[in-house]
Amino acid sequence: MLNSAKPTPGVISAEPEPIKLDWPATALLIIDMQRDFMEPGGFGETLGNDVSQLARAVNPIGAVLKAARDTGMLVIHTREGHLPDLSDAPPAKVERGAPSLRIGDPGPMGRILIRGEAGHDIIPELYPLDSEVVIDKPGKGAFYATELTDVLEKYGIENLLVCGVTTEVCVNTTVREANDRGYRCVVISDGCASYFPEFHEMGLKMIKAQGGIFGWVADSAAVLEAMKVSTT
Ligand code: C5J
């Protein structure tokens with residue numbers, strides 16, 4: 001745990017300070033745990049990244065996902081990707097850089113970052129249940145051009161437990177969007193990962209700095225400990 005003090009029952013030992021959440025108003029938001037980011041041959045690797053760096057987030061997310069399912073917490077998964085005709089993919093995104101394959105090109109897991117292709121799907125270890133919400137997003141943030149706000153309002157959600165990949169890109173963008181919309185975000189530190197370990201560290205620091213300018217950061221053990229008490 002991040003804080004050495006004995007946790008108060010139901011309170012998440014978080015940084016910059018402990019936080020107590022109203023659990024019925026809390027959702028688990030899992031960002032982009034897709035084969036395209038996690039596995040060789042996908043979007044992440046075409047950008048030159050070592051995808052093995054992301055594997056460390058899978059088990060911590062799995063543990064919190066299990067607890068969320070056991071306690072009936074709303075679970076939301078996101079997937080970054082584009083329509084097959086690329087009508088929702090800005091040319092500035094598609095044309096950028098010098099990847100080995102561009103968005104829409106055929107790859108070993110189907111067309112890169114295209115909805116419906118094998119690479120776009122969520123990894124088997126964290127596969128959504130039919131009852132869970134899946135948000136398809138064309139951007140890095142989960143609020144841009146999606147129905148996420150409507151979903152959160154429908155379920156009366158005020159707080160988000162956020163995890164997924166990558167820490168400094170889609171997790172950070174989503175947390176910043178959520179913070180501006182008034183949601184309390186607790187980012188699960190070991191449930192996030194980056195291709196660049198130093199960006200992961202810095203991405204978490206940016207969230208919790210300045211009194212938690214974008215939100216709170218806690219590890220999965222601290223979140224699980226608090227959930228044990230608070231959901232009963
Ligand atoms: C990226 C993401 N890194 N899910 N997407 O392009 O963070």
Side-chain angles (χ1 to χ4, degrees), residues 28-58 60-61 65 76-83 86 88-105 107 109-115 117-123 125-128 133-146 148 160-179 185 187-207 214-215 217:
L28 174 63
L29 181 60
I30 305 176
I31 304 290
D32 299 359
M33 292 300 289
Q34 297 162 255
R35 299 183 64 195
D36 253 321
F37 295 105
M38 304 295 297
E39 294 184 17
F43 180 61
E45 193 179 73
T46 69
L47 298 175
N49 296 308
D50 171 10
V51 295
S52 70
Q53 289 288 342
L54 304 189
R56 68 191 73 182
V58 174
I61 295 174
L65 177 59
I76 303 170
H77 305 255
T78 71
R79 299 185 297 203
E80 179 180 346
H82 297 283
L83 296 167
L86 296 182
D88 61 351
K93 180 177 181 182
V94 178
E95 295 163 5
R96 188 165 313 181
S100 58
L101 294 172
R102 290 194 187 276
I103 295 169
D105 285 348
M109 293 189 287
R111 293 178 67 201
I112 298 290
L113 217 58
I114 297 297
R115 293 183 192 175
E117 302 287 349
H120 178 262
D121 215 348
I122 292 174
I123 58 170
E125 298 94 315
L126 303 174
Y127 209 76
V133 178
V134 179
I135 301 277
D136 281 316
K137 62 188 187 60
K140 303 304 181 192
F143 287 84
Y144 168 67
T146 73
L148 181 56
L160 297 169
L161 300 174
V162 188
C163 54
V165 296
T166 60
T167 316
E168 79 282 12
V169 183
C170 290
V171 172
N172 243 271
T173 307
T174 298
V175 167
R176 290 167 189 232
E177 288 181 328
N179 181 61
C185 294
V187 177
I188 303 171
S189 53
D190 52 343
C192 298
S194 169
Y195 302 117
F196 308 92
E198 67 274 27
F199 290 178
H200 171 77
E201 289 305 320
M202 207 48 77
L204 297 176
K205 279 186 181 165
M206 286 179 187
I207 287 163
F214 296 122
V217 176

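Every number for a ligand or one of its atoms is a count from 1 in the order of the listing. Just so it is clear, the structure is predicted and the values come from calculations on it, not from any experiment.
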Pair Glu80 + Lys93, salt bridge at N-O below 4.0 Å: yes

For Arg115, is there an ion pair with Asp121 - N to carboxylate O distance below 4.0 angstrom? no

Lining ligand 1 at under 4.0 Å, by non-hydrogen atom distance, are residues Asp32, Phe37, Phe43, Glu80, Lys140, Val165, Thr166, Val169, Cys170

For Tyr144, ring-ring contact (aromatic ring centres under 6.0 Å, His included) partners two or more places apart: none

Is it true that Arg79 and Asp136 make a salt bridge, defined as a side-chain N closer than 4.0 Å to a carboxylate O? yes

How close do Met38 and Val58 get, heavy atom to heavy atom, and via which atoms? CE-CG2, 3.8 Å

Does the pair Lys137/Asp32 count as a salt bridge with the N-to-O cut at 4.0 Å? yes

